[in-house]
Amino acid sequence: MREPPASTGREGLGHTLEARLTIPEPVRELMDALWSAGHSAYVVGGSLRDDLLERPPADWDLATDARPDQIQAIFPDALYENRFGTVTVRRDGRAYEVTTFRTDVDYADFRRPTRVEFGESIEDDLARRDFTVNALAWGAEAVDGGGLAHAAFVDPHGGMADLRSRTLRAVGAPEARFREDALRMIRAVRLAATLDFRIDDETFAAIRGSSGLAAHLSGERVASELDKLMHAARPSIGLRLMGSSGLLAVVLPELASQRGVPQNKIEGEDLWDHTLRTVDAVPADRPVVRLAALLHDVGKPPTQADGHFYQHEVVGAEVAEDILRRLHTPRAVSDRVVHLVRQHMFRYEPEWTDTAIRRFIAKVRLPAIDDLLSLREADNVGSGLSRDAGDLPELRGRIGTETQAGLVLDRNALAVDGDDLMKELGLPPGPELGRLIDRLVERVISDPALNDRETLIDIARTETLTDESR
Ligand code: ATP
Ligand code: MG
């Protein structure tokens, strides 16, 4: 075992922050192994930052002067499957990334570098990182003759001070760094939201001046940052910064145009304010509903006329689909979000009959009901109403009653399927068959007693006859 971390004064800080470090045992063992083999080893980047902030790090990253083949020689079970010097070592089911010091070269088109070069020192490695709080390291150089490693902080860019004042500041000249990689601007906004940090004035001014460069970014890279932003305790912090920096107008112009659109919901607030309140009101563990909240009124600016937004949910669903396609959102997620946007304008009345409740369930579809009701709760909050406004608890209760009674609500629960109908009635497959099944579902929703094979085939026969005679 090495001795516990000793402050060398290299970092010029007291012991308080160091005392906070909770480097896990496997990470210490990896560092020990690298040191013993005559290499330097440091904990770097987001993991060190998060640990100092007392946020459990998502993953632990190490930097070393050892080259990938040397890292693999030290850890024979390690995997090296990329061109960037990152070797993955698994310990107890968790992955640890050990990366050779790098300097990035050849930035092309304001995107990330096209190739990387190995750096000579931890200082080289820290200089290429985006923000000062992400450009800290804790570790030590190689220990000659296998003596004790005196681990210490390395902080060439003032990251500790920025961590204490919760400030995001670009490493080096902000404008030049955003020119190298425009994603850093979106990362700044995302990190401000997830860490609850402010962005330093000069860095923010540079984002405003360079926001147009974000147009060069791939949908995937933007989406991955937006996704993290949307998981923040209050996404509105980041979304507002997206708006005020000009980034929103570049990556999500459909949302930027909500600014200034009037809403008679909360005094003095516009549609963008309403969207942000709605997003914040959705629990963080419901990302699909949060995304739907972000996009639910995206159809309002294009449909605005005489103080109305006629059929904005229909237009909104189309716009939402475009946006999500651009962001390469997985189909399973975008289908759910688009559906919620399309359905979000329902209006429950206590006078609804049980049939009306079943029709509502059939239209919204059972798996989406809970999402839709939670979207409406957030929409209520975003409109300055109580979460339960519009008799939502009563609607929830009545939906529960209908579903528990096992009453048929969709095609899957119908006593006949397409095969039966084709066989019994000699119908060809196709959209006409689909429409027939939909009509049968409608009939069964109105009268659950009809859900019987023979009865439905009889109804289908009459329906097809009337169709032909039309
Ligand atoms: P998270 O907590 O979401 O993982 P992170 O800051 O760790 O945030 P990662 O994508 O895991 O983000 O990146 C790890 C580290 O790599 C960062 O802390 C930073 O030092 C560096 N880094 C990441 N992206 C960039 C970039 N575009 N430009 C410069 N450095 C970057
Ligand atoms: Mg990370």
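For ligands, and for the atoms within them, numbers begin at 1 and follow the listed sequence.
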Contact between D50 and ligand 1, counting heavy atoms under 4.0 Å? yes
Determine whether any heavy atom of R128 lies closer than 4.0 Å to an atom of ligand 1. yes
Listed partners of R49 passing side chain to side chain contact (heavy atoms under 4.5 Å, CB included), at least two apart: L53, V133, N134, L163, L191, L195
Contact (N/O only, under 3.5 Å) between R184 and ligand 1: yes
Close N or O approach (S47, ligand 1; < 3.5 Å): no
Give a yes or no answer on whether the side chain of [X] reaches the backbone of [Y] with a donor-acceptor pair at less than 3.5 Å.
X    : Y    : result
N380 : L385 : no
D388 : L392 : no
D391 : E394 : no
R376 : H344 : yes

Looking only at non-hydrogen atoms, which of [options] approaches [atom] most closely?
atom                    : options                : result
atom 19 (C) of ligand 1 : L183, I186, T132, D130 : D130
atom 14 (C) of ligand 1 : V133, L48, D61, L126   : D61
atom 24 (N) of ligand 1 : R187, R55, R190        : R187

Do any pairs count as a side-chain hydrogen bond (donor to acceptor under 3.5 Å, both in side chains) and have a residue in residues 235-254, sequence neighbours left out, and if so which ones? S236-D280, R240-D273, E254-R326
Distance to the ring centre below 6.0 angstrom and angle to the axis at most 45 degrees; does that hold for R90 and Y96? no
Considering the heavy atoms of G45, write down every atom of ligand 1 situated less than 4.0 Å from one of them. 18 (O)
Can you sort out which atoms of ligand 1 are near G46, meaning under 4.0 Å from one of its heavy atoms? 7 (O), 18 (O)
